[in-house]
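Heads up, the thing below is written out as structure tokens.
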2 protein chains.
Amino acid sequence: MTQSLLDVALNRWAQRTQLPAEDLAALRALPFTRRVVERDGFIIREGERPTSCSMLLSGSAFRQKVVHNGARQIISFHFPGEFMDLQSCLLAANDHGVQALGACELAVVPKSVLTDLIEQRPALARAMWFDTLVEGAIFREWVVNVGRRNARAKIAHLLCELAVRLDESASDDKIYRLPLTQEHIADATGMTAVHTNRTIQGLRQEGLISLAQGRLVIHDWNALRSIGDFNDLYLHRSGPSTEAA
Amino acid sequence: MTQSLLDVALNRWAQRTQLPAEDLAALRALPFTRRVVERDGFIIREGERPTSCSMLLSGSAFRQKVVHNGARQIISFHFPGEFMDLQSCLLAANDHGVQALGACELAVVPKSVLTDLIEQRPALARAMWFDTLVEGAIFREWVVNVGRRNARAKIAHLLCELAVRLDESASDDKIYRLPLTQEHIADATGMTAVHTNRTIQGLRQEGLISLAQGRLVIHDWNALRSIGDFNDLYLHRSGPSTEAA
DNA sequence: CGAGCATTTGAGTCTCCTCAACCCGGGTGG
DNA sequence: CCACCCGGGTTGAGGAGACTCAAATGCTCG
């Protein structure tokens with residue numbers, strides 16, 4: 001069961017990064033151990049030195065930093081088939097924390113085992129580099145989102161990103177399960193929970209979305225996309241550039 | 001003259017990423033061509049497909065995205081010895097633009113030449129991956145900065161980062177030359193130019209900084225650091241993790 | 001059925017924005 | 001050599017979006 005979850009997750013990652021089959025096989029052969037983290041539990045702690053690297057198998061998670069006055073900023077969300085801490089392969093200390101959004105299963109491998117494999121397999125290194133480039137592109141878009149959009153657009157944009165990353169089906173009335181509270185949305189968009197609440201109510205009353213009890217429904221994708229000024233180019237869904245040129 | 005600028009820039013990058021000498025030599029041997037960009041000129045255009053990769057030799061530059069209503073968000077600043085578009089090696093399209101802050105000199109190399117070299121030299125791939133990991137860490141901190149700090153703290157934090165990246169000398173009264181307008185600072189912190197102006201005046205009147213005509217002086221580093229809630233961990237100045245573990 | 005968390009509501013406030021005008025120094029051209 | 005122009009900086013007044021504080025409501029789970 002867990003083994004099959006691992007396969008699914010690794011396959012998803014390999015497909016996204018266009019990792020060759022033999023490198024995927026090598027990755028799959030690593031001595032992963034299973035780890036379960038409950039809701040709100042820490043997956044990675046800020047300030048510590050990383051010793052392992054983990055892939056999310058089920059559940060969801062988010063990166064965060066806290067500022068001096070105690071306020072929290074969420075920096076990204078993560079879903080099954082994503083590495084949580086590729087940066088730990090090369091960075092000496094964790095500059096931020098990662099927490100479970102809902103209960104999570106992780107496949108953990110010692111950092112040194114992974115770095116050894118990377119040295120042997122250039123295609124794997126390339127796939128990981130691609131992964132962190134895409135992550136960087138998402139961070140850039142988040143800077144824009146929290147910096148230059150109003151409340152409505154911030155939330156609309158965030159929901160669009162989550163929807164695209166969770167599912168590429170283009171049908172209307174997309175439905176997603178996400179144990180996301182309004183406080184999470186507030187911390188991800190740089191707003192307060194109260195104002196987030198009022199803004200979401202606005203979107204609901206216009207019939208654009210439903211959002212309650214961990215269930216997000218997007219009723220009018222085009223409208224939401226337009227309100228959120230959303231363009232999915234930055235997600236680089238089409239994979240790494242393959243031009244030989 | 002230009003050749004020596006290139007050497008200085010490559011050396012700086014190699015030192016930061018701890019690139020072995022022989023890989024640096026291989027990098028230096030690439031057929032770079034020189035390019036000059038005037039103030040505010042585009043170095044990389046959003047939406048285009050990258051065909052080359054460039055290192056900044058002199059001057060300074062910034063990444064930016066514009067949102068639907070025309071507002072601009074600056075996402076990062078760049079200085080000599082930094083690659084401007086490592087992401088172009090693997091991403092198919094530019095999801096943002098890069099502009100010259102002041103007049104710039106660049107060393108440009110075709111993307112394919114660089115990617116060929118990367119395939120031959122794992123240590124170079126590793127150094128580039130490290131570079132983009134650090135860039136990602138900076139983006140994360142920027143999300144926090146624009147999302148969860150007030151005007152004073154935003155500007156103080158930005159100036160602290162620029163100071164550390166421009167110079168690691170620990171002396172008080174650090175002086176920096178930067179062709180930075182208040183509008184740039186506004187766009188980098190997600191504020192308006194008017195409010196940026198008033199906030200800077202506040203910092204000036206308290207004797208913390210001088211900032212005029214492209215000259216930034218930090219009179220009280222500790223105070224500025226404290227106001228900006230600045231901790232340089234995220235800049236990962238100590239280079240890639242070297243543990244074999 | 002109560003505990004605890006998430007959501008909702010209200011009222012008052014403040015930070016930051018908008019718009020508009022003015023200043024200032026440096027470069028240019030008559 | 002002075003007048004003008006222009007980009008950047010500064011100032012003022014008014015407004016609005018978002019925040020704070022506080023309390024009430026509603027869900028879900030023991």
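Just so we're on the same page: letters track the sequence lines, and every chain starts at 1. Any value given below was found using the heavy atoms of this structure, including those in side chains, with hydrogens, waters and symmetry copies removed.
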### Task
Would you give the length of the straight line joining atom CZ of R165(A) to atom CD of E82(A), rounded to the nearest 0.5 angstrom?
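Result: 4.5 Å between the selected atoms.
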### Separation between OG1 of T132(B) and CG of D131(A), rounded to the nearest 0.5 Å
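Answer for the OG1-CG pair, T132(B) versus D131(A), is 10.0 Å.
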### Task
Assess whether one donor atom and one acceptor atom, taken from the side chain of R198(B) and the base of dG9(D), lie less than 3.5 Å apart.
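Side chain to base: no pair below 3.5 Å.
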### Query
Under the 3.5 Å rule, do the base of dG17(D) and the side chain of R152(A) count as making a donor-acceptor pair?
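Answer no: no donor N or O sits under 3.5 Å from an acceptor.
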Determine the contact category for [X]: base if any of its heavy atoms lies under 4.0 Å from a base atom, sugar-phosphate if only primed atoms, P, OP1 or OP2 are that close, otherwise nothing.
X       : answer
A151(A) : sugar-phosphate
A212(A) : nothing
G190(B) : sugar-phosphate

Is there a side-chain contact between [X] and the phosphate of [N], meaning an N or O under 4.0 Å from OP1 or OP2?
X       : N       : answer
N197(B) : dT10(D) : yes
Q182(A) : dC5(C)  : no
Q213(A) : dT28(D) : yes
Q201(B) : dT11(D) : yes

### Task
Looking only at side-chain atoms of V194(B), point me to the closest of dT11(D), dC16(C), dA22(D).
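The answer is dT11(D).
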### Task
Return the nearest nucleotide to the side chain of H195(A); candidates are dC17(C), dC19(D), dT8(C).
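For the H195(A) side chain, the nearest candidate turns out to be dC19(D).
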In whole Å, I'd like the distance from the [atom1] atom of [X] to the [atom2] atom of [N].
X       : N       : atom1 : atom2 : result
L211(A) : dC27(D) : CG    : P     : 15 Å
D187(B) : dG9(D)  : CG    : P     : 12 Å
R149(B) : dT15(C) : CZ    : P     : 18 Å
M191(B) : dA18(D) : CE    : C1'   : 15 Å
K154(A) : dC19(D) : NZ    : C1'   : 12 Å
N150(A) : dA18(D) : CG    : C1'   : 11 Å
R215(B) : dG25(C) : CZ    : P     : 17 Å
H184(B) : dG8(D)  : NE2   : C1'   : 11 Å

### Task
Mind telling me whether H157(B) and Y234(B) have parallel, tilted or perpendicular rings, with 30° and 60° as the class edges?
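Ring orientation, 0 to 90° scale: parallel.
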### Task
Please say which of R152(B), Q201(B), H219(B) ends up in a side-chain contact (heavy atoms from CB on, under 4.5 Å) with E206(B).
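Only one option passes, and that is R152(B).
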### Message
Please give me the minimum heavy-atom distance between F79(B) and L56(B), naming the atom from each residue.
### Response
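Shortest heavy-atom separation between F79(B) and L56(B) comes out as C-CD2, 3.5 Å.
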### Message
Between R204(A) and R148(A), which residue's closest nucleotide on DNA chain C lies nearer the 5′ terminus?
### Response
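By nearest-heavy-atom nucleotide position, the 5'-most residue is R204(A).
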